[in-house]
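Below, each value reflects all heavy atoms present in this structure, side chains not excepted, and no hydrogens, waters or symmetry copies. Below, read A as the first sequence line, B as the second, and so on, with proteins coming before strands; counting in each chain starts at 1.
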Amino acid sequence: MMRSHRAGSLRASDDGSEVTLCGWVDSRRDHGGVVFLDLRDVEGIVQVVVDPSRAGCEQAHRVRGEWVLRVVGTVKRRPEGTVNPEIGTGEIEVAASGLEVLNESEPVPFPLDEHAGEVDEGTRLRYRYLDLRRPAMQLNLLLRSRVNSSLRDSMSRQGFTEVETPMLIASTPEGARDFVVPSRLSPGSFYALPQSPQLFKQLLMVGGVDRYFQLARCLRDEDLRADRQFEFVQYDAEMSFAGADDVMEVVGTAVADAVEAATGERPGAFPRMTWHQAQERYGTDKPDVRFGMELVDLGPVFASTGFRAFQAEAVKGIRVVGEGAASRSRLDALTDRAKGLGAAGLVWMRVGEGGALESPVAKFLSDDERRDVVSAMAAEPGDLLLMVAGERRVANHVLGVLRLDLGRPPVSEGGLRFLWVVDFPLFEGLADDGSPVPAHHPFTMPHPDDLALLDAEGVDLLGVRSQAYDLVLNGWELGSGSVRIHRRDVQERIFTLLGIAPETARERFGFLLDAFRFGAPPHAGFAFGVDRLVAILAGEENIREVIAFPKTQSGADPLTGAPGPLDPAQLRELGLAVAVPQEATTRPDPER
RNA sequence: GGUCCUGUGGUGCAGCUAGGAGUGCACGCCGCCCUGUCAAGGCGGAGGUCGCGGGUUCAAAUCCCGUCAGGACCGCCA
């Protein structure tokens, strides 16, 4: 072994020990006659005291930041008055008897101290191997590793079998845009990379696996966001002879185990809320219940209003506490935001003393309406009231977004508020051709109470509920699951409703329908994003902080230069010709 | 596809509203001094295509147009 101890793990109890340490120079303080070197390894930092005149220590003056050193020395308690309570090793220091330079380092392009989080992220990604040396990033990687092992342990304990599913699969046009891989052996044919192992895990159920899980790599070619990367890891599970409650029990246990492993504290039982409640109270299917500011239905207040803008399907509002002093330009910006989200407009009211309302529309409202709106929204002087009228789903959506804009706490505040959202609708809307669009995926079992509605005439299909459920944490959609259809006849009925012709269904999902002919067990499952869970546990607003080598928002990797053009010979072998102009296929300029 | 924010020595910023010589601050870097610092200190020094292109102007980091990159968001993400 090159070392006897970890630098960051030394304590006062090691006083007198002869140690050999390896690590990086975190900082140096050269006093001429004595040199202090802070040596950093994965465990932390320890102060090394070097006398450059001592044999074996001659290099001390040469040493610079991020050089790699091997230090031999004796652990000593620090002299009176020089203890550093800021670091774990602050009671001791290492008196060096030998100092070996294992590798030198050029000056690093950005500081690796606690301020590195403020450095331009493009620069951090270009030198990610340096960024990862920072303790904050090391902690995030460690946290992620703990969550991964805890999930695996928990699922094993709960009787689940980890099964790996293929990365090269058939493309299906549903859902997200596929990443595709050309086939060399079948030129002109392509594989797709999996958006999720959905179909395979259902086939595993038919295959008698009974309880499956996997930490599955998934890929979707859609625009990136703070909480979305092209590739991400899903905790993916499926169980036979089980219903929604069984799945929520298993997943809740696994998540609670992971949270406990990561934070030391076990969350309580996850409350449930129906999808309908979530929309009405929070204007979203992933409510952040760390704060109030719930949407208020003002329909009763304005039921017979003379104000035209409020003669709508729905009038709803939110109360922004203490924001009554918001400037006109601020209110204009909020109005623009609301319009950008699809609202016809935004009505604002400042609440004054005695409940007096100041608003451009106040003159259109009756005395009763002005009084009732104040009481309906429990408004106090100094508050700002924001209202949207129009289609119910639009009003909910717009106010839901404004609520987050105006009230959402930072990710590291407000604790961990898990929430099951249940009773999702089976369909989320109608496509241009009038056929319903599945809210989850086309293998979702309708709610048993609503099954008959599917065959009835003249029924509003958008009111049909499904047996789908989401897990939400602090306003982030962690994941979703459902009871699956396991009977061929029901599955074919759904395909018909979705406007997928039998021959099309056969072409795309024939293998699944075939499998269902041979005794498919009732089954249900779930999947959630591990990156998102780890990010929230780490207190990060952005999943890139918990991914070792993430992509930028434009899908590039500043470190490796991906994506890049392909060699002509490679293209030929794959039977491909590139149709876009050459300059569009060159690598991004690494200088900017 | 769209909206918004950002781009100034290696890093983080200020300068831009009101055009006047690459001006300033902090950190880092290089050299010298220094035996108790821990963001060491002192003295000295180097380091710039103000992202890129065009326009307006006697004069552009600054104003205008375009473009590229990074970020946040909308659309998209069954």
Peer 1: Could you check which nucleotide pairs with C4(B) in any of the strands shown, counting Watson-Crick or G-U wobble with both distances under 3.5 Å?
Peer 2: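 Across any shown strand, C4(B) pairs with G71(B).
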
Peer 1: For residues 45-63 of chain A, which residue pairs pass the salt bridge (charged side-chain N to carboxylate O under 4.0 Å, His left out) check, not counting sequence neighbours?
Peer 2: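 Counting only pairs at least two positions apart or across chains, the salt bridge (charged side-chain N to carboxylate O under 4.0 Å, His left out) contacts touching residues 45-63 of chain A are Arg62(A)-Glu104(A).
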
Peer 1: Measure all distances between protein nitrogen or oxygen atoms and nitrogen or oxygen atoms of nucleotides 38-41 of chain B, and list the pairs falling under 3.5 Å.
Peer 2:
residue : atom : partner  : partner atom : Å
C38(B)  : O4'  : Arg29(A) : NE           : 3.0
C38(B)  : O2   : Gln47(A) : OE1          : 3.4
C38(B)  : O2   : Asn84(A) : ND2          : 3.2
C38(B)  : N3   : Arg78(A) : NH1          : 2.6
C38(B)  : N4   : Arg78(A) : NH1          : 3.4
C38(B)  : N4   : Thr82(A) : O            : 2.3
A40(B)  : OP2  : Arg29(A) : NH1          : 3.4
A40(B)  : N6   : Asp30(A) : O            : 2.8

Peer 1: What does the list of N/O pairs under 3.5 Å between the protein and nucleotides 12-16 of chain B look like, with a distance for each?
Peer 2:
residue : atom : partner   : partner atom : Å
G12(B)  : OP1  : Asp120(A) : N            : 2.8

Peer 1: Tell me: CZ of Arg77(A) to P of G36(B), nearest whole Å?
Peer 2: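 Value for this atom pair: 23 Å.
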
Peer 1: Got a sec, which residues hit ring-ring contact (aromatic ring centres under 6.0 Å, His included) with Phe516(A), two or more places apart in sequence or on another chain?
Peer 2: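 With sequence neighbours excluded, Phe516(A) shows a ring-ring contact (aromatic ring centres under 6.0 Å, His included) to no residue whatsoever.
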
Peer 1: Which residue, Phe443(A) or Asp227(A), contacts RNA chain B at a nucleotide closer to its 5' end, judged by nearest heavy atom?
Peer 2: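 Residue closer to the 5' terminus by nearest nucleotide: Asp227(A).
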
Peer 1: Is there a Watson-Crick or G-U wobble partner for G47(B) with both distances under 3.5 Å, and if so, which one is it?
Peer 2: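 Base partner found: none.
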
Peer 1: Go through the structure and list residues passing salt bridge (charged side-chain N to carboxylate O under 4.0 Å, His left out) with Asp26(A), not counting sequence neighbours.
Peer 2: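 Arg40(A).
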
Peer 1: Evaluate whether atom CZ of Phe230(A) has more than 12 neighbouring non-hydrogen atoms of other residues, nucleotides or ligands under 6.0 angstrom away.
Peer 2: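 Enclosed: over 12 neighbouring heavy atoms sit under 6.0 Å from CZ of Phe230(A).
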
Peer 1: With the sugar-phosphate defined as primed atoms, P, OP1 and OP2, and the base as all remaining atoms, what B/S/- string results for nucleotides 1-6 of chain B, 5' to 3', for protein heavy atoms under 4.0 Å?
Peer 2: B-----

Peer 1: In the strands shown, is C25(B) matched to any nucleotide by a Watson-Crick or G-U wobble pair with both distances under 3.5 Å, and which?
Peer 2: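 Matched C25(B) with G12(B) under the 3.5 Å cut-off.
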
